[in-house]
Amino acid sequence: MNTSPEFGDYLLLAANPLTLLPVAATMMAAVYLLGASRLWRQRRRWSVLRTVSFVSGCAVLAAVTGLAVEDYGEALLSVFMFQQLTLMMAIPPLLVLGSPGTLLLRATPHRGVGKSILRLAHGALRWKGSRWALSPWVALPAYLAAFYGLYIADLLDPVLALPGGHTALEAAFLVSGILFTIPVLSTDPLPVRMSHGGRALDLFAEAALHAFFGVFLMMATSLVVGTFAESTMALGIDPIEDQRVAGGLAWSYGEAPTLIMILIVMHRWFRHDSVRDAAAGRWADAHGDPELDEYNEYLRRLEQRGSA
């Protein structure tokens, strides 16, 4: 008999809701709100939209790892895939668009413990390892390895068999997603900053490779991951069908956040070029344009020769 969970079943509390990631999400939201409220009390500006974005990311993180979806994520590959996609592709943009680094630098007191925190933050920005970790040559392969490396190279089953392997994978998914998203979307101070073209190229490459992975999973005629087979059949669900649902999620739900990120990058690129062109126009109005002046002088000389 098919006993597959209904939508409401996922929204119940998990068997153990106070695990690592839900607790971390609660603490991150609390610290962020503390910093934002400190700026507001001092009548210093801080965006409400940034605050909503970051706190929403923390809420989704707590929900996807602290509600019953966490329990079903240990039984069904489709739910596990939903968790992975959410942790890697939906939550990181919400957190990064909240500009937590800028808030840290602006809201942290410049005395006592705050002074030490700021020193650590500045040291992390200057650290060569930060530049290396945020490089597209590291972040993008690590991001894609969470799909191709784990599933196609048959590494997922051994990791899930380890004690705490499920939680460790969730934490790794979140970290890899954040490392990929920071160079693309962050407006915080960074040790290295990609060009707008480089960000767009990164996203287009990820979208294409990610879509191919989803299609591969949907078309597979044998189980790619064996860990979920027994528990899936216990719920009366065909493991192959559940695997196809997981592939469909990777292809459809996984592409939506990437598309939104591409739109944000393109908008910023257009705005950057518009501001630069406007500034160049104001400079030319005030100081003249050497190239235009030279061209006008060239035309004037031609006119003089023609009339001579």
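- The number of heavy atoms from other shown groups lying within 6.0 Å of CD (E6) does not exceed 12.
- Side-chain contact check for D202 versus M194: some heavy-atom pair is nearer than 4.5 Å.
- Around CZ of R45, the count of heavy atoms belonging to other residues, nucleotides or ligands within 6.0 Å does not exceed 12.
- Side-chain contact check for P189 versus L105: some heavy-atom pair is nearer than 4.5 Å.
- Follow the hydrophobic side-chain contacts under 4.5 Å out from Y143 and you never reach W132; the two are in separate clusters.
- The structure places CD1 of I152 at 6.5 Å from CZ of F213, a figure rounded to the nearest 0.5 Å.
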| request: Quick one: do L61 and L95 satisfy side-chain contact (heavy atoms from CB on, under 4.5 Å)? Show the steps, please. | output: CA-CA 10 Å; L61 174 58; L95 297 178; 5.5 Å; no
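- Across every non-hydrogen atom of L104 and L118, the tightest pair is O-CD2, 4.0 Å.
- Of all heavy-atom pairs spanning A229 and P239, the tightest one is O-CG, 3.9 Å.
- One distance of note links CG of L203 with NE2 of H210; it measures 12.5 Å at 0.5 Å rounding.
- With sequence neighbours excluded, the residues forming a salt bridge (Lys or Arg N to Asp or Glu O under 4.0 Å) with E241 are R244, listed by chain and number.
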| said: One pair to check against side-chain contact (heavy atoms from CB on, under 4.5 Å): F216 and Y148. What are the steps and the verdict? | reply: CA-CA 10 Å; F216 161 78; Y148 290 91; over 6 Å; no
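- L12 is not listed as a side-chain neighbour of D71, based on a closest heavy-atom distance of 4.5 Å or more.
- Between T51 and A36, the closest heavy-atom pair is OG1-CB, 4.2 Å.
- In this structure, D154 has no side-chain hydrogen bond (donor to acceptor under 3.5 Å, both in side chains) partners at least two apart in sequence or on a different chain.
- Panel note: side chain R268, backbone H196; no donor-acceptor pair is recorded below 3.5 Å.
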| message | As a quick check of understanding, evaluate side-chain contact (heavy atoms from CB on, under 4.5 Å) for Y32 and R50, giving each step before the final call. | response | CA-CA 10 Å; Y32 188 98; R50 288 182 179 181; 3.8 Å; yes
| field | side-chain contact (heavy atoms from CB on, under 4.5 Å) assessment of L39 paired with L103 | value | CA-CA 9 Å; L39 292 181; L103 179 63; 3.6 Å; yes
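- No donor-acceptor distance shorter than 3.5 angstrom exists from the side chain of S130 to the backbone of R126, with no hydrogens or angles considered.
- Judged by distance alone, with hydrogens and angles left aside, the side-chain atoms of Q243 form a donor-acceptor pair with the main-chain N or O of S222 at under 3.5 Å.
- Between the side chain of T181 and the main chain of I178, no donor-acceptor pair closer than 3.5 Å is present.
- No chain of hydrophobic side-chain contacts below 4.5 Å, direct or via other Ile, Leu, Val, Met, Phe, Trp or Tyr residues, connects M218 to V245.
- Looking at F147 and L209, their side chains never come closer than 4.5 Å, going by heavy atoms from C-beta outward.
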Scan the side chains in residues 76-86 for donor-acceptor partners under 3.5 Å anywhere in the protein, sequence neighbours excluded, and list what turns up.
{"residue": "S78", "atom": "OG", "partner": "D242", "partner atom": "OD1", "Å": "2.6"}
{"residue": "Q83", "atom": "NE2", "partner": "V64", "partner atom": "O", "Å": "2.9"}
{"residue": "Q83", "atom": "NE2", "partner": "E70", "partner atom": "OE1", "Å": "2.7"}
{"residue": "Q83", "atom": "NE2", "partner": "E170", "partner atom": "OE2", "Å": "3.0"}
{"residue": "Q84", "atom": "OE1", "partner": "Y151", "partner atom": "OH", "Å": "2.7"}
{"residue": "Q84", "atom": "NE2", "partner": "A146", "partner atom": "O", "Å": "3.0"}
{"residue": "T86", "atom": "OG1", "partner": "F82", "partner atom": "O", "Å": "2.7"}
{"residue": "T86", "atom": "OG1", "partner": "Y253", "partner atom": "OH", "Å": "2.7"}

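- Considering only heavy atoms from C-beta on, F204 comes within 4.5 Å of I262 through its side chain.
- Looking at every heavy atom in both residues, A250 comes nearest to G214 through CB-CA, 3.9 Å.
- To the nearest 0.5 Å, atom CD1 of residue I264 and atom NE2 of residue H267 are 9.0 Å apart.
- Smallest separation of non-hydrogen atoms from T187 and S99: OG1-OG, 3.3 Å.
- Under a cut-off of 6.0 angstrom, the local environment of CH2 in W127 is sparse, with at most 12 non-hydrogen atoms contributed by other residues, nucleotides or ligands.
- In this structure, the side chains of F180 and P92 stay at 4.5 Å or more apart for every pair of heavy atoms.
- Minimum heavy-atom separation, A200 to W269: CB-CZ3, 4.4 Å.
- Under the 4.5 Å side-chain heavy-atom criterion for ILVMFWY residues, a single connected hydrophobic cluster contains both V175 and V159.
- Here R193 contributes atom CZ and L134 contributes atom CG; the two are 10.5 Å apart, rounded to the nearest 0.5 Å.
- Between P109 and R38, some side-chain heavy-atom pair lies under the 4.5 Å cut-off.
- Cluster annotation: L155 is connected to L217 through the hydrophobic network of ILVMFWY side chains, with a link wherever side-chain heavy atoms come within less than 4.5 Å.
- Here the straight-line distance linking atom CG of L160 with atom CZ of F228 works out to 5.0 Å at 0.5 Å rounding.
- Note: the hydrophobic cluster containing F54 also contains I260 (ILVMFWY, side chain heavy atoms under 4.5 Å, direct or indirect links).
- Inter-residue side-chain proximity for W46 and T102 is flagged as met; some heavy-atom pair is nearer than 4.5 Å.
- The line from CD of E206 to CE of M261 is 7.5 Å long, rounded to the nearest 0.5 Å.
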